[in-house]
Amino acid sequence: MFVRVKEKANGKKAIQIVETYRRGDKVHQKIVRHIGQAVTDTEIEALKQLAQAILVEVENQRQPVLPLVAPEDIYGSSKPKQETADTVVVKNLREEQRIIEGIGEVFGKLYDDLGFGNILGSRRADERWNGILKSCVLARLANP
């Protein structure tokens, strides 16, 4: 994908995000987003910077990057970073809540595959206690 500046018949220039793809032996272009129209050079530059920012977001939605890496570092950014007065001191941060997902699916299957699902007995009356024990073990894994 790239940012295209296309001159219109009315003298204005359209700024668009365009994707190129191949169908058979022919190359086609598809407009992903129309950013706007501009007349002066300053308007064109402002819309091009906006288009670059939107392009980074679209690329990140289509192919997410690792959370520790900013999308701008991978896809590039044409606008300089602005410094702000707001700063965050990491040592003053504290954890309020943690969300843990997938424990039951991953470790629950492992728990059953190892045969711990019937550790207290395999009778019908023991199923409830085996379920309680499994829940306790998985809760301990999730929040040690």
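In this text the structure is predicted, and so the values were computed from the model without any measurement.
- Linking Ile, Leu, Val, Met, Phe, Trp and Tyr whenever their side-chain heavy atoms come within less than 4.5 Å leaves L50 and V18 in two separate clusters.
- Across all non-hydrogen atoms, the minimal contact from Y111 to N130 is OH-O, 4.4 Å.
- Hydrophobic cluster membership is shared by L133 and L114, with clusters built from Ile, Leu, Val, Met, Phe, Trp and Tyr side chains linked at under 4.5 angstrom.
- Linking ILVMFWY side-chain heavy atoms closer than 4.5 Å, directly or via other members, places I35 and F2 in two distinct hydrophobic clusters.
- Between L47 and G36, the shortest heavy-atom contact is CD1-C, 3.9 Å.
- Residues V56 and E59 are not in side-chain contact: their nearest non-hydrogen atoms beyond the backbone lie 4.5 Å or more apart.
- Considering all non-hydrogen atoms of both residues, A142 and I103 come closest at CB-CG1, 4.0 Å.
- The backbone N or O of V39 lies less than 3.5 Å from a partner atom in the side chain of E43, making a donor-acceptor pair.
- Heavy-atom minimum distance, G117 versus D112: CA-OD1, 4.1 Å.
- Counting non-hydrogen atoms of other residues, nucleotides and ligands closer than 6.0 Å to NZ of K134 gives a total above 12.
- A distance of 10.0 Å separates CD in E105 from CG in L138, rounded to the nearest 0.5 Å.
- Rounded to the nearest 0.5 Å, atoms NZ (K13) and CG (D41) are 6.5 Å apart.
- Side-chain contact between Q37 and N10: present, with at least one pair of heavy atoms (C-beta onward) separated by less than 4.5 Å.
- Comment: R123 engages D126 in a salt bridge, judged by a side-chain N to carboxylate O separation of less than 4.0 angstrom.
- Under a cut-off of 6.0 angstrom, the local environment of CZ in R33 is sparse, with at most 12 non-hydrogen atoms contributed by other residues, nucleotides or ligands.
- No donor-acceptor distance shorter than 3.5 angstrom exists from the side chain of E45 to the backbone of T42, with no hydrogens or angles considered.
- No single ILVMFWY cluster, assembled from side-chain heavy atoms under 4.5 Å apart, contains both V5 and I31.
- For the pair I17 and A51, the tightest heavy-atom approach, listed with the atom from each and the gap, is CD1-O, 3.5 Å.
- Between atom CD of residue E19 and atom CZ of residue R4 there is a gap of 12.0 Å, rounded to the nearest 0.5 Å.
- N143 contributes no side-chain N or O that, together with a main-chain N or O of A139, makes up a donor-acceptor pair within less than 3.5 Å.
- I15 has its side chain out of reach of H34: every pair of non-hydrogen atoms, C-beta onward, lies at least 4.5 Å apart.
- Using a 4.5 Å heavy-atom cutoff, the side chains of V58 and M1 are in contact.
- More than 12 heavy atoms of other residues, nucleotides or ligands sit less than 6.0 Å from atom CG of N92.
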